[in-house]
Amino acid sequence: MQRKNVLEKTIIMYNLLKGKKGIIFGALDPQSIAWHIAEKCWEEGAEFTLSNTPVALRMGTLNQLAQKTGSEVIPADATNVEDLENVFKRTLEKFGGQIDFVLHSIGMSLNVRKNRPYDDVDYNFYAKTMDISAFSFHKILQTAYKLDAIKEWGSVVALTYVAGQRTFYRYNDMADAKALLESIARSFGYIYGRERKVRINTISQSPTMTTAGSGVKGIDNLMDYSDRMSPLGNADAEDCANYCITLFSDLTKKVTMQNLYNDGGFSSMGMSQKAMNVYNQSLEMGGELLD
């Protein structure tokens with residue numbers, strides 16, 4: 001623990017984002033990953049605007065983060081192009097020109113929240129899942145591209161989850177949204193990189209107990225399983241923030257179109273000893289195996 005604290009203090013001394021400007025979409029309260037990323041950006045010398053939906057702003061405590069970091073809050077529905085144009089235009093005006101980074105930390109599934117199984121989804125909910133969790137990323141990128149809002153060698157990062165490649169019980173239509181999100185990062189990453197030298201990546205984060213995630217049935221069990229499976233244990237929100245900072249910095253200028261795992265090694269595992277021990281104990285106790 002002491003070594004980790006020393007390392008974090010050393011990183012902060014580098015001022016990796018000094019002079020950089022950006023937009024952070026999706027911060028809600030101190031439990032949200034985007035909140036931690038915003039704090040870390042600020043500690044590393046960046047300035048930014050904060051954006052979330054008007055409903056989320058009423059529910060959360062974003063003004064506290066804005067006050068701490070000296071940031072402006074610009075309400076926006078990330079599925080609405082006009083709202084996004086307003087966010088970018090106001091941000092460009094505030095900073096007097098192009099910005100350096102954008103964070104997309106947006107996701108929601110009513111099918112998951114209402115326990116609708118994947119073979120019985122509500123298609124209206126499904127469409128909303130895709131619009132909020134994936135199409136919004138394309139809309140943000142397209143808006144930024146058309147406004148030429150991001151400087152050369154700027155960086156865009158979106159948060160995703162390994163369910164975009166693997167099947168996880170109860171993750172439902174969010175898995176489809178994450179798969180599309182990652183595809184958008186690759187497709188737009190090619191165009192943005194070729195034409196503007198802007199890099200686009202996704203971070204595949206360990207399951208993390210956020211305000212939104214806490215309302216999902218079974219999240220505790222998923223986090224426990226993932227932690228047992230990962231050689232380094234789950235990556236928390238602070239770990240994600242530290243990783244994200246490197247992608248916003250000039251240290252990763254040639255990293256683009258990548259889905260980067262920040263999950264303690266989970267994505268490379270088949271079965272760990274800790275997980276196998278729990279499995280064996282279940283069998284010894286007469287636990288029933290289900291499909």
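- You'll find the side chain of Phe48 reaches within 4.5 Å of the side chain of Trp42, heavy atoms only.
- Judged as a ring-ring contact (aromatic ring centres under 6.0 Å, His included), and not counting sequence neighbours, the contacts of Phe137 are His104.
- Although no hydrogens or angles enter the test, the distance criterion places no donor-acceptor pair under 3.5 Å between the side chain of Asn111 and the main chain of Arg116.
- Checked by atom type, the side-chain pair Asn259/Thr202 shows a donor-acceptor distance below 3.5 Å.
- With sequence neighbours excluded, no residue forms a ring-ring contact (aromatic ring centres under 6.0 Å, His included) with Phe88.
- Heavy-atom minimum distance, Ser32 versus Ala27: OG-CA, 3.8 Å.
- Salt-bridge check for Glu93 with Arg90: failed, with every basic side-chain N at 4.0 Å or more from each acidic carboxylate O.
- Classification of Glu39 and Lys68 as a salt-bridged pair holds, one side-chain N sitting under 4.0 Å from a carboxylate O.
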- Stepwise, does the side-chain contact (heavy atoms from CB on, under 4.5 Å) test hold for Tyr261 with Ser268? CA-CA 10 Å; Tyr261 293 96; Ser268 293; over 6 Å; no
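- Side-chain contact check for Ile191 versus Tyr145: some heavy-atom pair is nearer than 4.5 Å.
- Put simply, the side chain of Lys40 reaches to within 4.5 Å of the side chain of Glu238, judged on heavy atoms.
- Of the possible polar contacts, one joining the Asp100 side chain to the Lys21 backbone as a donor-acceptor pair under 3.5 Å is found.
- Looking at heavy atoms from C-beta onward, Phe101 lies in side-chain contact with Cys41 at the 4.5 angstrom threshold.
- Side chains of Arg186 and Tyr190: no donor on one and acceptor on the other come within 3.5 Å.
- No donor-acceptor distance shorter than 3.5 angstrom exists from the side chain of Arg113 to the backbone of Met108, with no hydrogens or angles considered.
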- Intermediate values then yes/no, side-chain contact (heavy atoms from CB on, under 4.5 Å), Leu62 and Leu65: CA-CA 5 Å; Leu62 191 57; Leu65 178 63; 3.9 Å; yes
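- A 6.0 Å sphere centred on CD of Gln67 holds no more than 12 heavy atoms belonging to other residues, nucleotides or ligands.
- Asp173 approaches Phe125 most closely through the heavy-atom pair OD2-O, 4.3 Å.
- Proximity of Cys244 to Leu103: side-chain heavy atoms (C-beta onward) are separated by under 4.5 Å at one or more points.
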- Would you please test Ile23 and Phe95 for side-chain contact (heavy atoms from CB on, under 4.5 Å) and show each step? CA-CA 11 Å; Ile23 303 173; Phe95 294 129; over 6 Å; no
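- Closest heavy-atom contact between Asn234 and Asp239: O-OD2, 4.3 Å.
- Here the side chain of Arg199 pairs a donor or acceptor atom with the backbone of Trp153 at under 3.5 angstrom.
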- Message: Working note: Phe248 + Lys20, criterion side-chain contact (heavy atoms from CB on, under 4.5 Å); need CA distance, chi angles, decisive distance, verdict.
- Response: CA-CA 9 Å; Phe248 287 158; Lys20 293 192 179 296; 5.7 Å; no
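- In this structure, Leu17 and Ser249 have side chains that are in contact, with non-hydrogen atoms separated by less than 4.5 Å.
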